[in-house]
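First listed ligand is number 1; within each ligand, the first listed atom is number 1. No hydrogens, no waters, no symmetry mates; every other heavy atom, side chains included, goes into these values.
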Amino acid sequence: MKIAIVCYPTVGGSGIVATELAYNLASFGNIVHLVSYSPPFRFNKYNENIFFHNVPITNYPLFEFPMYTISIAAKLAEIVESENIEIIHCHYAIPHTISGIIAKEIVNKFSKVKVVTTLHGTDVTLVGKQENFRKIVQYALNKTDAITCVSEFLYQSTIREFSPNKPIEVIPNFVDTNEYKRQSNPKLRRRFADDEEKIIIHISNFRKVKRVPDVVQTFSLIQKQIPSRLILVGDGPDFSEIENLIIKLNLKDKVWLLGEQTSIVELLSISDLFILTSETEGFGLAALEAMSCEVPVVCYNVGGLSEFVFYGINGFLVPLGNIELLANKSIELLRNDTLRQIFGINARKTVVENFDSRIITEKYLNLYLSLINGSIL
Ligand code: GMT
């Protein structure tokens with residue numbers, strides 16, 4: 001198959017899923033054309049079946065704002081025609097689906113290309129709900145040929161908010177469990193913590209929705225009872241606020257602020273616990289990646305997280321905003337090495353059995369095939 005994948009290149013789950021999907025589709029022998037305004041964050045290995053297309057940003061003096069939606073549409077139309085693309089797969093509804101729909105219109109005389117939209121989270125739960133975007137998201141979802149949602153939670157939210165007239169399939173996030181595998185590295189561990197200290201990790205793009213200050217507050221309670229260190233991976237609009245909070249709580253010596261990191265398996269592998277404090281998560285890919293490396297997850301019970309974090313089995317979910325309970329559940333796990341190990345093994349099992357990249361890529365391939373064969377109209 002020949003597939004064009006459009007995504008945001010910046011650090012964020014939708015771009016990661018899109019890029020990893022490109023690699024997996026390519027490994028099955030498909031030809032993939034990645035389209036974005038710069039090479040996506042995780043597009044860092046050469047694959048002869050993947051081609052990257054840069055979307056040029058127009059800067060004619062008349063245009064005060066970049067015409068990104070139109071630029072992607074033009075680029076897509078160009079490659080659908082020149083490369084005989086059969087599927088345009090848009091990750092995140094706006095503006096990508098709109099661009100996909102325009103491209104399909106442009107080429108409709110000589111191509112039967114189909115547009116697939118994957119909804120990731122805030123395109124429905126936050127941005128899509130805003131009055132100025134609601135109608136355009138609604139339009140996109142009614143015009144695309146098929147929709148996928150990354151969780152049952154997002155599926156329900158999409159139906160509730162938009163009731164699209166197109167089929168929707170839940171295809172969850174995935175991890176390459178061969179790559180995301182715990183690896184022993186005592187030397188690296190010792191660089192971050194003393195032998196008797198536990199390591200807690202959080203990875204996100206430091207946006208408001210992630211509530212990273214809650215992670216710091218939780219850690220502040222934990223470290224009073226358990227010798228421990230916190231590793232914060234990521235960057236984003238809340239970085240300075242978090243840095244100030246760390247200083248205010250007198251935690252500077254115990255928190256590692258690493259900024260963005262491309263290779264996180266090593267860091268997850270030296271960690272004892274992953275904390276996620278998001279207000280909502282379409283799925284919660286960062287937690288899944290941690291679990292694949294045998295790191296149990298303690299998080300707020302929001303969005304799609306309860307679809308793979310199982311209370312008392314591979315982690316704990318607590319009500320949104322209950323920092324004290326989040327800390328208590330973390331302490332319970334950090335105090336009990338045997339329990340934590342069992343949770344870690346269960347976490348990996350959950351990922352390997354249900355969210356491995358091969359299983360999920362086949363779901364996408366089946367969807368593409370049914371669109372091409374006309375069994376979804
Ligand atoms: O929806 C977003 O905020 C953007 C998106 C991204 O690019 O980071 O994140 C979402 O997509 C991920 C991949 O499907 C999901 O795992 C995340 O849960 C989701 N983030 C949110 O819903 C906040």
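- For the pair Pro227 and Lys198, the minimum side-chain heavy-atom distance is 4.5 Å or more.
- Applying the 4.0 Å criterion to heavy atoms of Glu281 picks out, from ligand 1, the atoms 17 (C), 18 (O), 19 (C), 20 (N), 21 (C), 22 (O), 23 (C).
- Of all atoms in ligand 1, numbered sequentially from 1 with element shown, those under 4.0 Å from a heavy atom of Thr122 are 1 (O), 2 (C), 3 (O), 4 (C), 22 (O), 23 (C).
- The closest heavy-atom contact to atom 5 (C) of ligand 1, among the options Cys7, Cys149, Ala287, Ser14, comes from Ser14.
- Considering backbone and side-chain atoms together, Gly13 places an N or O closer than 3.5 Å to an N or O of ligand 1.
- Residue Arg182 comes nearest to Ile270 through the heavy atom pair NH2-C, 4.1 Å, listed as atom of the first residue, atom of the second, then distance.
- Salt-bridge formation is detected for the pair Lys104/Asp145: a Lys NZ or Arg NE/NH1/NH2 atom is positioned less than 4.0 Å from an Asp or Glu carboxylate oxygen.
- When the options Thr280, Leu305, Asn173, Asn205 are ranked by their closest heavy atom to atom 23 (C) of ligand 1, first place goes to Thr280.
- Note on Glu179 versus Lys45: salt bridge recorded, some NZ/NE/NH1/NH2 to OD/OE distance being below 4.0 Å.
- In summary, the atoms of ligand 1 found under 4.0 Å from a heavy atom of Leu285, numbered by their order in the structure, are 16 (O).
- For the salt bridge (charged side-chain N to carboxylate O under 4.0 Å, His left out) with Glu241, the qualifying choice from Lys210, Lys248, Lys208, Arg207 is Lys208, the only one to do so.
- Side chain to side chain, Tyr311 and Ser306 fail the donor-acceptor criterion of an N or O pair below 3.5 Å.
- In this structure, Phe310 belongs to a hydrophobic cluster whose other members, linked by side-chain heavy atoms under 4.5 Å apart, are Ile313.
- Considering backbone and side-chain atoms together, Phe283 places an N or O closer than 3.5 Å to an N or O of ligand 1.
- Each of the following atoms of ligand 1 lies closer than 4.0 Å to a heavy atom of Gly12: 6 (C), 7 (O), 8 (O).
- Residue Gly284 approaches ligand 1 through these ligand atoms, each under 4.0 Å from one of its heavy atoms: 15 (C), 16 (O), 17 (C), 18 (O).
- Close to ligand 1: Arg207, with a non-hydrogen atom less than 4.0 angstrom away.
- Between Ser278 and ligand 1 there is no heavy-atom distance shorter than 4.0 Å.
- Of all atoms in ligand 1, listed by their number and element, those nearer than 4.0 Å to a heavy atom of Gly282 are 18 (O), 19 (C), 21 (C), 22 (O).
- If you number the atoms of ligand 1 from 1 as listed, the ones under 4.0 Å from a heavy atom of Tyr92 come out as 1 (O), 2 (C), 4 (C).
- Using a 4.0 Å cut-off between a side-chain N of Lys or Arg and a carboxylate O of Asp or Glu, Glu289 and Arg42 qualify as a salt bridge.
- The number of heavy-atom neighbours closer than 6.0 Å to CD of Gln341, taken from other residues, nucleotides and ligands shown, is 12 or below.
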